[in-house]
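Let me begin by presenting the structure, written as structure tokens, before commenting on it.
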Amino acid sequence: MSKQPQLDPKYDPRRIEQDTYQRWETNGYFAPQGNGKPYSIVIPPPNVTGTLHLGHGFQHTIMDLLIRFHRMDGRETLWQTGTDHAGIATQMVVTEQLRAAGTSPTGLGRDEFTNRVWKWRDEAGGTITQQMRRIGSSVDWDRERFTMDEGFSRAVLEVFVRLYDDGLIYRGKRLVNWDPSMQTALSDLEVISEEENGSLWHLRYPLRADTRTMDGKDFLVVATTRPETMLGDAAVAVHPDDERYRNLIGKSVTLPLVDRELPIIADAYVDPEFGTGCLKITPAHDFNDNEIGARHDLELINIFTSTAHLNDNVPERFRGMDRFAARKEIVSSLDSRGLLEKEKDYKVQIPRGERSGEVLEPWLTDQWFVAIKDLADPAIEAVETGRIQFEPKRWENVYFSWMREIKDWAISRQLWWGHQIPAWYDEQGNVYVGRNEQEARTKNNLDNGVALTRDPDVLDTWFSSALWTFATMGWPDETAELSKFHPTDVLVTGHDIIFFWVARMIMMTLRFTGEVPFKQVYVHGLVRDKHGQKMTKTKGNGLDPIDVIDGITREDLITKRTANLTQARLAQKITQDTEKDYPEGIPAFGTDALRFTFSAIASPGQSSYPFDLQQVEGYHFFCNKLWNATKFVLSNVGEDFRMETGNESLADRWIRSQLRDVIRTTRHALSEYRFDRYAQQLYQFTWHEYCDWYLELTKPVLFNEEKGSDAYVAAQSTLVTVLESLVRLLHPLIPYVTETIWQQIAPLCDKNHETIMLAEYPTEDDFLLDEQAEQSIAWLQNVVTAIRNLRSARQIPPGDQVTVQITGHTAADRDAAEDTRVPLSRLAKVSDLDLIDGDTMPIGSTQVVGNLSITLPFADDAERQQETKRLQKEVERLNSELKRSLSKLNNENFVSKAPDEVVNKERDRKTTYESQLQVLEEQLSAIGMG
RNA sequence: GGGCGUAUAGCUCAGCGGUAGAGCGCUACGUUGACAUCGUAGAGGUCCCUAGUUCGAUCCUUGGUACGCCCACCA
């Protein structure tokens with residue numbers, strides 16, 4: 001990597017980030033390298049139609065963090081990337097474009113349509129991969145895959161054919177969730193069922209002339225939320241033990257409007273408590289009714305077309321009507337015949353298509369299914385036995401509860417964009433499956449004289465994504481990648497796709513490779529806006545990660561948020577909200593700040609993370625802080641710099657010892673997927689230890705000692721060494737700023753890697769533990785803080801020098817004071833530090849720290865008066881602490897039952913309180929007398 | 001109807017069987033030779049309620065309340 005110019009005077013992410021990424025990519029740093037133990041992650045392939053949202057940004061940050069860490073830690077690291085063809089979503093997008101251009105998929109025909117989609121993918125599908133680069137994702141672009149590329153298609157065929165041959169894929173006429181607008185079947189998971197306002201209608205079905213109910217009525221009343229389906233009724237059911245209707249079982253009613261004779265059947269499914277206890281049975285249009293119908297061998301009367309209009313199986317006057325129009329018509333027809341008993345408002349669960357939002361219809365069609373049980377059992381076991389572990393663990397229960405009740409998977413879709421099902425039909429409708437038509441013929445001894453037609457349907461997108469971990473590595477061939485990088489180490493995913501994707505990957509991968517797809521599943525929450533609201537188009541509260549990185553003006557943000565909105569009122573509200581929340585637009589915070597934010601909010605236990613730009617701003621300041629600290633270090637190393645160890649001061653030894661501790665805790669945090677702690681620990685160390693204390697502690701050395709002296713060189717060397725390690729520690733989190741800094745610092749440490757990305761991650765053993773230094777600096781910090789406290793209480797201007805008297809000190813304190821005299825005087829603006837022996841207590845403002853008393857003598861009487869108040873308050877506080885401590889120690893049970901350690905600690909506290917009180921009371925009376 | 005999660009400072013969240021923490025926000029004071037994108041000090045919490053277990057509970061257990069989520073065919 002070419003040498004960069006000196007650090008810019010100002011930290012500006014825009015000046016470093018994109019160039020840096022480009023260098024990384026062109027130099028091939030993202031590819032697996034070295035011969036360490038393999039480590040691999042596959043990206044959850046984003047929809048090729050998509051654009052990057054904050055959720056992706058979060059997820060990619062987490063994965064990149066793990067990848068960069070392991071890569072630096074010596075593992076041979078593969079981050080597999082790619083995109084998903086996203087059947088329905090993509091077909092919808094392109095269809096919409098065609099519609100705008102005045103045509104439609106059917107207008108073009110299948111071949112031309114799929115050509116258009118491919119073309120569109122090639123042109124527009126790159127958006128999301130470009131955006132991934134902006135987040136800093138170090139994926140191996142050379143291995144980018146697509147779920148419909150050639151290799152993938154081969155894998156899909158292979159899986160389908162093998163499952164079919166094993167009897168695990170079958171075709172059947174079943175009731176499925178049908179989307180009348182998309183005109184395709186959907187799986188159960190793609191159905192979003194929500195409560196909506198509806199009605200419950202009570203309808204009268206006339207009994208035959210010779211029958212009456214127990215209470216003498218000549219009709220039965222059924223309750224329904226979907227009166228239009230009555231045209232397909234096949235029976236009326238009652239509970240077998242329901243005394244009210246016992247005499248009617250086996251009799252019949254006449255279906256109004258149709259005049260069909262319906263048997264009255266008994267089925268335990270019916271709840272006698274609900275409505276009238278009579279249930280109309282429509283086996284072709286309701287999942288429950290379908291099961292009941294099967295039990296009683298009822299006829300399946302399909303009354304809908306594929307667009308949910310009434311078909312020829314209904315009386316002529318209703319034919320061709322839309323289902324909702326038919327509902328109105330039927331209700332009013334019944335009403336006019338006196339057959340509508342009542343109608344009341346009712347909350348109904350309405351099933352809608354996940355993508356289209358259309359009300360779905362249970363509809364009878366021929367579809368392909370995966371018989372899932374044989375696949376599910378080993379997949380359950382893999383998690384039970386711990387071959388796969390979820391993190392946090394509670395998600396395993398979610399997985400189990402779904403898997404144990406799993407139903408067959410409807411995999412065929414009546415779309416054109418996707419993997420076409422490898423099945424052919426002869427003229428009699430017999431089905432033949434093969435990897436291609438020829439194989440289908442050969443396997444089934446069909447000569448070319450038999451005309452075959454291919455099944456037009458495609459597979460559910462998730463069928464192919466289920467193969468993602470192994471198909472991207474070359475399966476069904478036995479490739480080097482598969483043996484090296486599979487199973488992958490961890491899957492990073494949101495809980496929203498555990499069923500859609502995670503479970504299905506586990507099932508398919510176990511079946512076809514005998515391996516688990518991944519050893520761990522890290523389940524993260526969903527990013528929300530700062531109020532905890534879901535980010536949606538209609539709320540207009542969404543944020544584009546790129547806008548957080550590059551910044552955006554208020555006007556542009558409003559334009560973006562209100563584009564393509566159907567309702568003008570919404571646009572107005574969104575404009576107002578945006579003006580309120582972002583009066584100045586969004587400044588360019590940079591990728592590093594955004595990544596830091598993602599890491600910091602990734603705490604387990606939270607299933608959603610509120611995203612607040614103020615937080616991003618804070619981490620932007622953090623990057624700036626690091627930048628400026630680097631400027632300080634660089635400004636203090638000249639041509640004559642030499643790296644040397646052996647003469648470290650207490651402060652030097654202290655910061656090295658602290659760094660050792662941070663390396664230990666951050667590595668631990670990463671091993672537990674505690675990205676929040678990882679970020680927080682590094683923030684704390686960088687800002688509050690390295691910058692706040694250590695940098696300040698080096699100033700007296702750098703400014704006062706002779707250049708080149710042992711102490712000077714030790715401070716310089718430590719400043720550089722610690723910073724160099726620190727940026728390596730931080731690199732997985734904030735890759736850009738650390739790379740930029742590292743390029744300046746690394747040469748000073750004789751680090752010769754071209755990039756920080758490939759430098760080794762720091763280890764604990766890089767630095768020495770030094771308890772003595774830690775104690776001394778802790779002492780210094782206590783004393784400095786105490787003096788600052790007193791100064792503040794006395795309102796002594798920050799610039800004024802003070803005299804400080806210390807009593808109650810031990811020999812160790814004396815040594816510590818001696819060792820830290822210089823920095824102490826600088827940090828607390830102390831001109832004289834007197835350690836007074838004997839009993840004479842100096843008079844002044846006093847603060848006690850442990851057994852030490854620190855006193856600032858008074859300058860005049862006014863100060864004396866003020867001090868009394870402060871001391872009284874302090875005495876009061878200490879007294880109450882002492883009281884609490886005493887009550888514990890006077891408790892027999894506490895002393896006898898609590899661990900010695902705890903009791904001793906309490907005793908020490910008590911002693912300290914007492915001596916502190918004594919000092920302060922003495923001081924109080926001395927002041928009072930003066 | 002089942003299941004799960006969460007309740008801690010003004011806000012967003014860590015934490016823990018032994019005297020409550022961070023970031024942001026707020027207050028006061030500061031142009032100290034990296035940084036005002038900063039520094040120093042400070043205010044601010046019956047750790048949702050209840051009953052237990054315990055020498056000791058914010059933490060464990062019971063029950064409850066509030067909010068959120070997932071699954072499910074009550075017409």
Side-chain angles (χ1 to χ4, degrees), chain A residues 7 9-11 193 200-201 222-226 229 237 269-271 273-282 286-292 346 348-349 362 392 394-395 397-398 401-402 405 495-496 498-499 525-526 530-532 587 600-601 603 605-612 614-615 617-636 674 676-677 680 683-684 688 691-692 695-696 699 702-703 784-785 788-793 795-799 826-829 880-881 884-885 888 891-899 901-903 905-906 909:
Chain A
L7 235 39
K10 288 244 177 254
Y11 167 62
S193 210
L200 186 65
W201 286 271
V222 296
T224 181
T225 55
R226 301 206 53 195
T229 63
Y269 170 79
V270 180
D271 177 3
E273 304 293 316
F274 189 92
T276 57
C278 297
L279 176 62
K280 72 190 250 326
I281 305 295
T282 322
D286 182 283
F287 288 99
N288 292 311
D289 292 7
N290 187 260
E291 282 178 26
I292 296 169
Y346 197 70
V348 208
Q349 292 283 328
R394 64 188 169 88
W395 292 107
N397 291 328
V398 175
S401 64
W402 189 69
E405 309 266 313
H495 59 74
D496 50 335
I498 289 179
F499 306 146
L526 277 14
K530 70 170 172 179
H531 306 292
I601 61 179
S603 55
Q606 299 296 120
S607 55
S608 66
Y609 313 125
F611 182 86
D612 189 352
Q614 263 194 319
Q615 208 174 345
E617 185 185 34
Y619 295 128
H620 172 75
F621 294 160
F622 174 85
C623 294
N624 182 62
K625 186 81 179 173
L626 185 64
W627 187 269
N628 281 296
T630 305
K631 268 170 43 190
F632 172 80
V633 172
L634 288 175
S635 72
N636 283 291
R674 289 304 304 266
D676 56 333
R677 286 188 183 160
Q680 197 207 337
Y683 184 98
Q684 162 70 24
H688 299 302
C691 291
D692 283 354
L695 247 52
E696 295 305 323
K699 283 177 182 175
L702 296 173
F703 296 164
V784 168
T785 306
R788 284 172 175 169
N789 255 309
L790 291 172
R791 298 178 61 110
S792 176
Q795 296 183 315
I796 296 170
R826 180 183 170 93
L827 294 175
K829 284 280 177 345
S880 75
E881 296 287 358
R884 211 177 29 72
S885 192
K888 267 189 149 175
N891 181 344
E892 278 292 325
N893 284 323
F894 173 72
V895 179
S896 60
K897 294 190 180 170
E901 199 188 306
V902 173
V903 177
K905 213 168 141 192
E906 199 58 46
R909 264 204 285 263

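A, B, ... follow the sequence lines: proteins, then strands. Residue 1 opens every chain. Computed over heavy atoms, backbone and side chain alike; hydrogens, waters and symmetry mates excluded.
- Considering only heavy atoms from C-beta on, A/Y269 stays 4.5 Å or farther from A/E291 through its side chain.
- Within 4.0 Å (heavy atoms only), A/R788 reaches sugar-phosphate atoms of the nucleic acid but no base atom.
- Among the atoms of the strands shown, only primed sugar atoms or phosphate atoms (P, OP1, OP2) are found under 4.0 Å from some heavy atom of A/K631.
- At least one donor-acceptor pair closer than 3.5 Å links the side chain of A/S635 to the backbone N or O of A/F632.
- In this structure, B/rA36 forms no base pair with any nucleotide, since neither Watson-Crick nor G-U wobble geometry is met with both distances under 3.5 Å.
- A/F611 comes within contact range of no nucleotide atom at all, as no heavy-atom separation falls under 4.0 Å.
- B/rG15 and B/rA22 are spaced 15 Å apart, taking the P atom of each and rounding to whole Å.
- Pair assignment for B/rG56: none, as no Watson-Crick or G-U wobble contacts are both less than 3.5 Å.
- A 4.0 Å heavy-atom criterion places the boundary nucleotides of RNA chain B facing chain A at B/rC4 to B/rA75, written 5' to 3'.
- Look at the C1' atom in both B/rU58 and B/rA14: the space between them is 14 Å, to the nearest Å.
- Base contact: A/Y269 has a heavy atom under 4.0 Å from a base atom.
- Contacts of A/S603 with the nucleic acid, taken as non-hydrogen atoms under 4.0 Å apart, involve only primed sugar atoms and P, OP1 or OP2.
- One P atom belongs to B/rA7, the other to B/rC49, and the distance between them is 13 Å to the nearest Å.
- Of the C1' atoms belonging to B/rU8 and B/rC70, the separation is 26 Å, rounded to the nearest Å.
- Checking B/rA66 for Watson-Crick or G-U wobble geometry (two distances, each under 3.5 Å) identifies B/rU6 as its partner.
- At least one cation-pi condition fails for A/K625 and A/Y683: the charged atom is not both under 6.0 angstrom from the six-membered ring centre and inside a 45 degree cone around its axis.
- Among the atoms of the strands shown, only primed sugar atoms or phosphate atoms (P, OP1, OP2) are found under 4.0 Å from some heavy atom of A/T224.
- Between A/W402 and A/A223, the residue anchored nearer the 5' end of RNA chain B, judged by the nucleotide with its closest heavy atom, is A/W402.
- At a threshold of 4.0 angstrom between heavy atoms, the contacts of A/V902 include nucleobase atoms, whether or not backbone atoms are also involved.
- When both distances must be under 3.5 Å, the Watson-Crick or G-U wobble mate of B/rA20 does not exist.
- Heavy atoms of A/Y609 sit nowhere under 4.0 angstrom from any nucleic acid atom.
- Contacts of A/L200 with the nucleic acid, taken as non-hydrogen atoms under 4.0 Å apart, are absent.
- With the nearest nucleotide of RNA chain B identified for both A/F621 and A/V784, A/F621 has the one nearer the 5' end.
- Under the Watson-Crick or G-U wobble criterion, with both distances below 3.5 Å, B/rC73 has no partner in any strand shown.
- At the heavy-atom level, A/S635 lies nowhere under 4.0 Å from the strands shown.
- B/rA9 and B/rG21 have their C1' atoms separated by 10 Å, with the value rounded to a whole Å.
- A/D286 approaches A/P362 most closely through the heavy-atom pair N-CB, 4.2 Å.
- When all heavy atoms of A/L634 and A/L7 are compared, the pair lying nearest together is CD1-CD2, 4.0 Å.
- Aromatic ring orientation, A/Y11 versus A/H620: tilted (interplanar angle from 30° to 60°).
- Contact of the A/F894 side chain with the A/V902 side chain is registered, since non-hydrogen atoms from C-beta on lie closer than 4.5 Å.
- Counting any heavy atom pair closer than 4.0 Å across all strands shown, A/E881 reaches a base atom.
- With hydrogens and angles ignored, the 3.5 Å screen pairs no side-chain donor or acceptor of A/R909 with any backbone N or O of A/E881.
- Base pairing annotation: B/rG25 forms no Watson-Crick or G-U wobble pair, as no partner gives both donor-acceptor distances under 3.5 Å.
- Within the 4.0 angstrom heavy-atom criterion, only backbone atoms of the sugar-phosphate kind lie near A/D692; the bases stay farther away.
- For the P atoms, the distance linking B/rC4 with B/rA75 amounts to 25 Å, nearest Å.
- Note on A/F287: nothing from the nucleic acid sits closer than 4.0 angstrom, heavy atoms only.
- When heavy atoms are screened at a 4.0 angstrom cut-off, A/Q614 is found touching the sugar-phosphate backbone but no base atom.
- Considering every non-hydrogen atom in both A/Y619 and A/A600, the closest pair reads OH-CB, 3.4 Å.
- Here, B/rC71 and B/rU62 have their P atoms 27 Å apart, quoted to the whole Å.
- Taking atom P on both B/rG52 and B/rC67, the two are 28 Å apart, rounded to the nearest angstrom.
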